[in-house]
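When reading the values below, keep in mind they use all heavy atoms of this one structure, side chains included, and skip hydrogens, waters and symmetry mates. Numbering of ligands and ligand atoms starts at 1, following listing order.
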Amino acid sequence: MSELEQRIKAISEEALGKIRCADNLDVLNDLRVTVLGKKGSLTALLKGMKDIAPEERPKVGQWVNDARQAIEADIEATKKKLEEAKRAAQLKAEAIDVTLPAKSIEMGHRHPNTIALEEVERIFVGMGYEVLEGPEIEYDEYNFRKLNIPDGHPAKDEQDTFYITKDILLRTQTSPIQARVMEQGKLPIRMIAPGRVFRSDEVDATHSPSFHQIEGLVIDKNITFADLKGTLEVFAKQLFGPEIRTRFRPHHFPFTEPSAEMDVSCFKCGGKGCRFCKNEGWIEILGCGMVHPHVLDMCGIDKEKYTGFAFGVGLERIALLKYEIDDMRLLYENDVRFLKQF
Ligand code: DAH
């Protein structure tokens, strides 16, 4: 065997031995470069062809090519084996145990305020009322003046709020929506208007600087106090149960005349008196009255032809009563453990 043939054989055997031992694809690739690459050992032999006698060249070329093919075939076969092993390991590592119980998705749900509001809306929509809204940032004009509360009126002190300018404020009540709807002049009116209101109040169990009211307004021909009482009684019975009784106490609101507050018989003790109703037997739930003729006038409604009634309910108050929650702050803290109960 010629020296050249021996060298080719040696390179080839060394390479094949290393390929057999290669345990990852990188090692295999390095081997390919060191033997078959541009500067590889076998390639170097081919480059040295010019020093070989011309008649020897085809033979040497043949040896080199045979060696090259054998090495390439071995590299390919080993590569395939390594790739298969790698994939098998990956599949094993990423195996999903389909028998594991699925992570449950926790569903959120409605806030007690929202549940109470939807209940009130359902009752009034059932009686043919529209649900409207008004702006939270309101003109003094609508929040006070058009509701018969002129500058200097003591009601303005009781309902202090955040003033953006002298004339623009965060509304203290939903009543300005009454004026806005009446002004549009589309009669008759039968609407409720829920919304957020703001007052300069300290936070405690029954107060918050921001809370919600639901306003109600009916304007038509021949509307009387009897309509007001009948409507609000139906509302109370639907909200708290058919056994509930109502009572109206005279009160004063600047934009209604006469005005009243409506109480419902305590739904805990049935009116006998208990801790829940502070031994009164009755629980106050809203303010109401016949729309003041001067308010009708200011809002462009003919007070000779039309009359109407209005009412205002505190939404939090309804939610607290319905769910027997004794501290309003719980409604705003948004502790999920608390909210989950409703
Ligand atoms: N806006 C009144 C308040 O915040 C509540 C109210 C009382 C509204 C009587 C009315 C009403 O519509 O007729 O204290």
Sidechain N-carboxylate O distance under 4.0 Å for R87, E84: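 Salt bridge: no.
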Taking the basic N atoms (NZ, or NE/NH1/NH2) and the acidic carboxylate oxygens, is any pair closer than 4.0 Å for D201 and R199?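 No, no charged N to carboxylate O under 4.0 Å.
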Mind checking ring pair (Phe, Tyr, Trp, His ring centres under 6.0 Å) for F162 and listing every partner two or more places apart, or none if nothing turns up?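 Expected list: none.
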Got a sec, which residues hit ring pair (Phe, Tyr, Trp, His ring centres under 6.0 Å) with F253, two or more places apart in sequence or on another chain?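 Partners of F253 under the ring pair (Phe, Tyr, Trp, His ring centres under 6.0 Å) test: H251.
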Residues lining ligand 1 [heavy-atom distance under 4.0 Å, listed by chain and residue number]: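 Contacting ligand 1 under 4.0 Å are Q173, S175, Q178, R199, Q213, E215, F253, F255, T256, G287, C288, G289, A310, F311, G312.
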Between F311 and Y129, what is the ring plane arrangement, given parallel below 30°, perpendicular above 60°, and tilted in between?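 Answer is tilted, since the angle falls between 30° and 60°.
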Run the side-chain donor-acceptor check on residues 232-247: report pairs under 3.5 Å with partners two or more places apart or on a different chain.
residue : atom : partner : partner atom : Å
E233    : OE1  : T246    : OG1          : 3.4
K237    : NZ   : P242    : O            : 3.4
K237    : NZ   : I244    : O            : 2.8
R245    : NH2  : G270    : O            : 3.0
R247    : NE   : D263    : OD2          : 2.9
R247    : NH2  : D263    : OD2          : 3.1

